[in-house]
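All remarks here apply to the structure that follows.
Predicted, not measured: the structure shown is a model, and the values here were computed from it.
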Amino acid sequence: MIPYSQAVEQLEEEKPKIYTLNSIRVATFIFGPLAAGYLVSQNYKAFNEKDKSTTTWIIAVVALIAIIGLAVITSSTERFPRFIFPLAYAWGTFLLVQKFQGEQMKEHFATGGKTFTIWRALLAGLICLIVTVAAIFLILLMIPGALDE
């Protein structure tokens, strides 16, 4: 039979880490919707909901396309405040995560579950931003005359 302290240590080691609501909100505000998609999907994987992880990625990509489209449409408007987009999708993501993962997060924390540091969330967000910028650049390279000026 395993001693109690050793059993507790094994349970703590087996429990996956998750990203906190605040880490998700900050990384999303700074780095965009793909960062939100990655962080939220990782939480779903930690909660053993891999189907929701895939859905999260699809929503993140659609959100990114919509935000880029809105940014292009509003780019000719002089007085449109540019901070609106990151603020809107960061708070929107926060509210959605709170609604769909909030109870699981509370349960995770109540049972002694660990979290990733905000630095890891920011690094993941930076990688997502690099991927986003590279994808936009590649798309612009495929459109004739898009980079000519």
Side-chain angles (χ1 to χ4, degrees), residues 8 11-149:
V8 169
L11 283 175
E12 287 178 356
E13 288 175 13
E14 292 173 10
K15 193 168 214 138
K17 291 183 178 183
I18 64 169
Y19 292 98
T20 64
L21 277 169
N22 195 46
S23 292
I24 294 169
R25 181 177 46 196
V26 170
T28 301
F29 179 77
I30 297 171
F31 298 112
L34 282 189
Y38 173 77
L39 300 176
V40 174
S41 74
Q42 290 302 111
N43 278 2
Y44 275 128
K45 286 180 183 177
F47 299 140
N48 290 322
E49 296 183 23
K50 296 189 186 340
D51 56 328
K52 290 182 180 179
S53 174
T54 304
T55 304
T56 300
W57 274 112
I58 293 168
I59 292 169
V61 170
V62 169
L64 176 64
I65 293 167
I67 289 166
I68 290 171
L70 286 171
V72 168
I73 291 169
T74 60
S75 65
S76 61
T77 307
E78 281 183 35
R79 297 199 148 182
F80 189 81
R82 301 290 176 226
F83 67 89
I84 292 294
F85 292 123
L87 195 61
Y89 61 70
W91 276 102
T93 300
F94 174 80
L95 294 173
L96 288 171
V97 171
Q98 193 173 33
K99 179 179 180 177
F100 292 109
Q101 291 184 346
E103 289 302 316
Q104 292 169 309
M105 288 178 157
K106 287 177 188 174
E107 183 180 320
H108 181 81
F109 300 136
T111 59
K114 306 276 187 208
T115 63
F116 290 115
T117 65
I118 194 164
W119 299 110
R120 182 178 168 128
L122 293 175
L123 176 62
L126 179 61
I127 293 168
C128 290
L129 178 65
I130 291 168
V131 169
T132 302
V133 170
I136 291 170
F137 184 71
L138 287 173
I139 290 169
L140 289 175
L141 282 177
M142 289 189 239
I143 300 172
L147 297 176
D148 296 339
E149 279 196 35

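Scanning all heavy atoms of the two residues, the minimum distance from Ser41 to Thr56 falls at N-CG2, 3.9 Å. In this structure, Thr28 and Ala90 approach most closely via the heavy-atom pair CG2-CA, 3.8 Å. Summarising the geometry of Ala60 relative to Pro33, their closest heavy-atom pair is CB-O, 3.6 Å, with the distance given to 0.1 Å.
The stretch residues 122-143 participates, sequence neighbours left out, in no side-chain hydrogen bond (donor to acceptor under 3.5 Å, both in side chains) pair at all. Listed by first and then second residue, the ring-ring contact (aromatic ring centres under 6.0 Å, His included) pairs that reach into residues 94-135 are Tyr19-Phe116, Trp91-Phe94, sequence neighbours excluded. Note on residues 51-65: pairs passing salt bridge (charged side-chain N to carboxylate O under 4.0 Å, His left out), not counting sequence neighbours, are Glu49-Lys52.
Between Leu34 and Val61, some side-chain heavy-atom pair lies under the 4.5 Å cut-off. Proximity of Met105 to Asn43: side-chain heavy atoms (C-beta onward) are separated by under 4.5 Å at one or more points. Considering only heavy atoms from C-beta on, Arg25 comes within 4.5 Å of Asn22 through its side chain. Counting heavy atoms from C-beta outward, Val40 and Ile59 have side chains that stay 4.5 Å or more apart. Side-chain contact between Trp57 and Tyr38 is present, with heavy atoms from C-beta onward closer than 4.5 Å. Using a 4.5 Å cut-off on side-chain heavy atoms (C-beta onward), Phe31 and Leu122 make contact.
The 12-atom threshold is exceeded at NZ of Lys50, counting heavy atoms of other residues, nucleotides or ligands nearer than 6.0 Å. Taking a 6.0 Å sphere around CD of Gln98, one finds it holds more than 12 heavy atoms contributed by other residues, nucleotides or ligands.
Residues satisfying the salt bridge (Lys or Arg N to Asp or Glu O under 4.0 Å) test with Lys45, not counting sequence neighbours, are none. Remark: Lys17 engages no residue in a salt bridge (Lys or Arg N to Asp or Glu O under 4.0 Å) (not counting sequence neighbours). By the side chain to side chain donor-acceptor pair (under 3.5 Å) test, Thr115 pairs with no residue at all, sequence neighbours left out.
At a cut-off of 3.5 Å, with distance as the only test, no side-chain donor of Thr74 or Thr77 sits close to an acceptor on the other residue.
In this structure, Ile68 CD1 and Phe85 CZ are separated by 11.0 Å, a value rounded to the nearest 0.5 Å. Rounding to the nearest 0.5 Å gives a distance of 9.0 Å between CD of Gln104 and CD1 of Ile18. How far CG of Leu95 is from CG of Leu21: 9.5 Å, rounded to the nearest 0.5 Å. Rounded to the nearest 0.5 Å, atoms CD1 (Ile30) and CG (Leu126) are 10.0 Å apart.
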